[in-house]
Engineer: 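Next up is a structure, given as structure tokens.
Order of listing sets the numbers, starting from 1, for every ligand and every atom in it. For clarity, every value in this text was computed on a predicted model and none was experimentally measured.
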Amino acid sequence: MLKIYHSQGARSLRVLWLCEEMGVPYETAEASFFKPSDAFKTVNPLRTVPAMQDGDVTMIESVAMMIYIMSKHGPTDLEVKPSEAGYADYLQYLMFGEAGLAAYGNPLVATRFMAPADQKQNFTAGYLKTAILKRLEFVGERLDGRPYVAANRFTAADISIAYIATGAKFVGIEDEFPASIKAYIENLWQRPAFQRAAAVK
Ligand SMILES: N[C@@H](CCC(=O)N[C@@H](CS)C(=O)NCC(=O)O)C(=O)O
């Protein structure tokens with residue numbers, strides 16, 4: 001069974017949500033930032049969350065974990081095939097959720113919680129916040145009122161993108177999200193699979 005090192009509010013939510021959507025069984029193990037267990041430190045020396053074990057396989061990238069699970073446990077409509085319209089959008093937004101959005105959040109979180117008081121509002125923090133909001137504006141414009149980013153259906157790309165709303169709470173910028181993105185994510189959060197995943201401690 002998949003073992004997912006999880007912390008509530010962390011990117012492990014993506015992996016749990018995907019498993020819940022697909023009905024793939026998993027177990028979780030604690031991945032505390034502040035008091036990492038020896039097991040977690042061994043599995044992921046970087047101590048970033050999530051990590052995942054599947055037998056001999058160990059992974060530490062959440063979007064790669066989603067691709068792995070869909071390939072191993074699919075087929076699933078959460079994935080868009082190369083032959084389908086929307087494949088390029090799917091690939092792009094699957095990656096964009098991390099590389100174009102959430103990755104910008106890490107230094108912002110670190111600055112908020114770890115920087116000296118006189119550095120918390122520095123140029124870089126301002127740049128990162130603006131960068132995230134600008135990119136969300138872009139996604140909102142591309143959505144143009146549609147409920148999903150690719151292939152006119154709910155896919156793993158939506159799971160990838162939606163994580164930014166959870167991560168943003170650590171830095172208090174969720175209220176500044178464009179209205180179109182708030183509506184998009186609120187709709188995704190209605191999914192029972194999301195609610196089950198979000199409730200996992
Ligand atoms: N690209 C990685 C990023 C993992 C990551 O940075 N996770 C955050 C929590 S959501 C973390 O562990 N931050 C602590 C740190 O960067 O040291 C992924 O998508 O899994």
Engineer: Under 3.5 Å, is there a donor-acceptor pair between the Asn44 and Thr48 side chains?
Structural biologist: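 Side-chain D/A pair, Asn44 to Thr48: present.
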
Engineer: Judged by atom type as modelled, is there a donor-acceptor pair below 3.5 Å linking the side chain of Arg135 to the main-chain atoms of Ala131?
Structural biologist: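 Present.
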
Engineer: Can you tell me which residue and heavy atom of the protein come closest to atom 1 (N) of ligand 1, and the distance to 0.1 Å?
Structural biologist: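 The closest one turns out to be Glu61 OE1, 2.8 Å.
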
Engineer: For ligand 1, which part of Met59 has a heavy atom less than 4.0 Å away: the side chain, the backbone, both, or neither?
Structural biologist: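 Within the 4.0 Å criterion, Met59 makes no contact with ligand 1.
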
Engineer: Using 0.5 Å steps for rounding, measure from the CG atom of Leu94 to the CD1 atom of Ile159.
Structural biologist: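 The CG atom of Leu94 sits 9.5 Å away from the CD1 atom of Ile159.
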
Engineer: Does an N or O anywhere in Tyr163 fall below 3.5 Å from an N or O of ligand 1?
Structural biologist: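 It does not: no N or O of Tyr163 is found under 3.5 Å from an N or O of ligand 1.
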
Engineer: Got the closest protein heavy atom to atom 5 (C) of ligand 1, with its distance?
Structural biologist: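 Protein heavy atom at minimum distance: Arg11 NH1, 3.3 Å.
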
Engineer: Just checking, is any N or O donor in the side chain of Glu79 or Tyr90 under 3.5 Å from an acceptor N or O on the other one?
Structural biologist: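 The answer is no; no qualifying pair exists.
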
Engineer: Measuring from non-hydrogen atoms of Met65 to any atom of ligand 1, is the shortest distance under 4.0 Å?
Structural biologist: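 It does not; every heavy atom stays at 4.0 Å or beyond.
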
Engineer: Using a 3.5 Å distance criterion without hydrogens, assess whether the side chain of Asp158 forms a donor-acceptor pair with backbone atoms of Val149.
Structural biologist: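 Checking the backbone N and O of Val149 against the side chain of Asp158, a donor-acceptor pair under 3.5 Å is found.
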
Engineer: Tell me whether Lys120 contacts the main-chain N or O of Arg112 through its side chain, where contact means a donor paired with an acceptor under 3.5 Å.
Structural biologist: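 Yes.
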
Engineer: Please verify whether a non-hydrogen atom of Phe170 lies at under 4.0 Å from ligand 1.
Structural biologist: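 In this structure, Phe170 fails to qualify as a contact of ligand 1 - no heavy atom is under 4.0 Å.
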
Engineer: Compute whether any side-chain donor of one residue and acceptor of the other, for Ser12 and His6, lie under 3.5 angstrom apart.
Structural biologist: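 Yes, side-chain donor-acceptor contact under 3.5 Å.
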
Engineer: Find all atoms of ligand 1 within a distance of less than 4.0 Å from any non-hydrogen atom belonging to Ala10, and give their numbers and elements.
Structural biologist: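 So the answer, numbered in order with elements, is 10 (S).
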
Engineer: Considering only heavy atoms of Pro50, which atoms of ligand 1 have at least one such atom less than 4.0 Å away?
Structural biologist: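 Matching atoms, with element in brackets: 20 (O).
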
Engineer: If I apply the N/O under 3.5 Å rule, does Thr48 come out as touching ligand 1?
Structural biologist: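 Such a contact does not occur with ligand 1.
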
Engineer: Would you mind listing which atoms of ligand 1 come within a distance below 4.0 Å of any non-hydrogen atom of Asn106?
Structural biologist: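 Reading through ligand 1 atom by atom, the close ones are 5 (C), 6 (O), 16 (O).
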
Engineer: Using a 3.5 Å cut-off on N or O atoms only, is Val63 in polar contact with ligand 1?
Structural biologist: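 For ligand 1, there is no N or O atom that lies under 3.5 Å from one belonging to Val63.
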
Engineer: Suppose we measure from atom 11 (C) of ligand 1 to each protein heavy atom; which comes out shortest, and what is that distance?
Structural biologist: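 Ranked first by proximity to atom 11 (C) of ligand 1 is Phe33 CE2, 3.8 Å.
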
Engineer: For ligand 1, note which part of Glu98 has a heavy atom under 4.0 Å away: side chain, backbone, both or neither.
Structural biologist: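 For Glu98, the contact with ligand 1 is made by the side chain alone.
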
Engineer: Check Ile60 against ligand 1 and report side chain, backbone, both or neither, counting heavy atoms closer than 4.0 Å.
Structural biologist: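 It is the backbone that gets close, since no side chain atom is under 4.0 Å.
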
Engineer: How close does the nearest protein non-hydrogen atom get to atom 19 (O) of ligand 1, and which residue and atom is it?
Structural biologist: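 Here the nearest protein heavy atom works out to Ser62 OG, 2.7 Å.
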
Engineer: Between Glu174 and Lys182, is there a salt bridge with N-O shorter than 4.0 Å?
Structural biologist: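 So Lys182 does not pair with Glu174 through a salt bridge.
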
Engineer: Check the orientation of Tyr93 and Phe96. Use parallel for under 30°, tilted for 30 to 60°, and perpendicular for over 60°.
Structural biologist: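 Tyr93 vs Phe96 ring planes: perpendicular.
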
Engineer: Answer with yes or no whether Val109 contacts ligand 1, where contact means a heavy atom under 4.0 Å from a ligand atom.
Structural biologist: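 Contact absent.
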
Engineer: Check this for me, if you would: do Arg14 and Glu98 make a salt bridge, where the nitrogen-to-carboxylate-oxygen distance has to be below 4.0 angstrom?
Structural biologist: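 Judged by the 4.0 Å cut-off on N to carboxylate O distance, Arg14 and Glu98 do form a salt bridge.
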
Engineer: Should you measure from each heavy atom of Arg14, which atoms of ligand 1 turn up under 4.0 Å away?
Structural biologist: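 Atoms satisfying the 4.0 Å criterion: 19 (O).
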
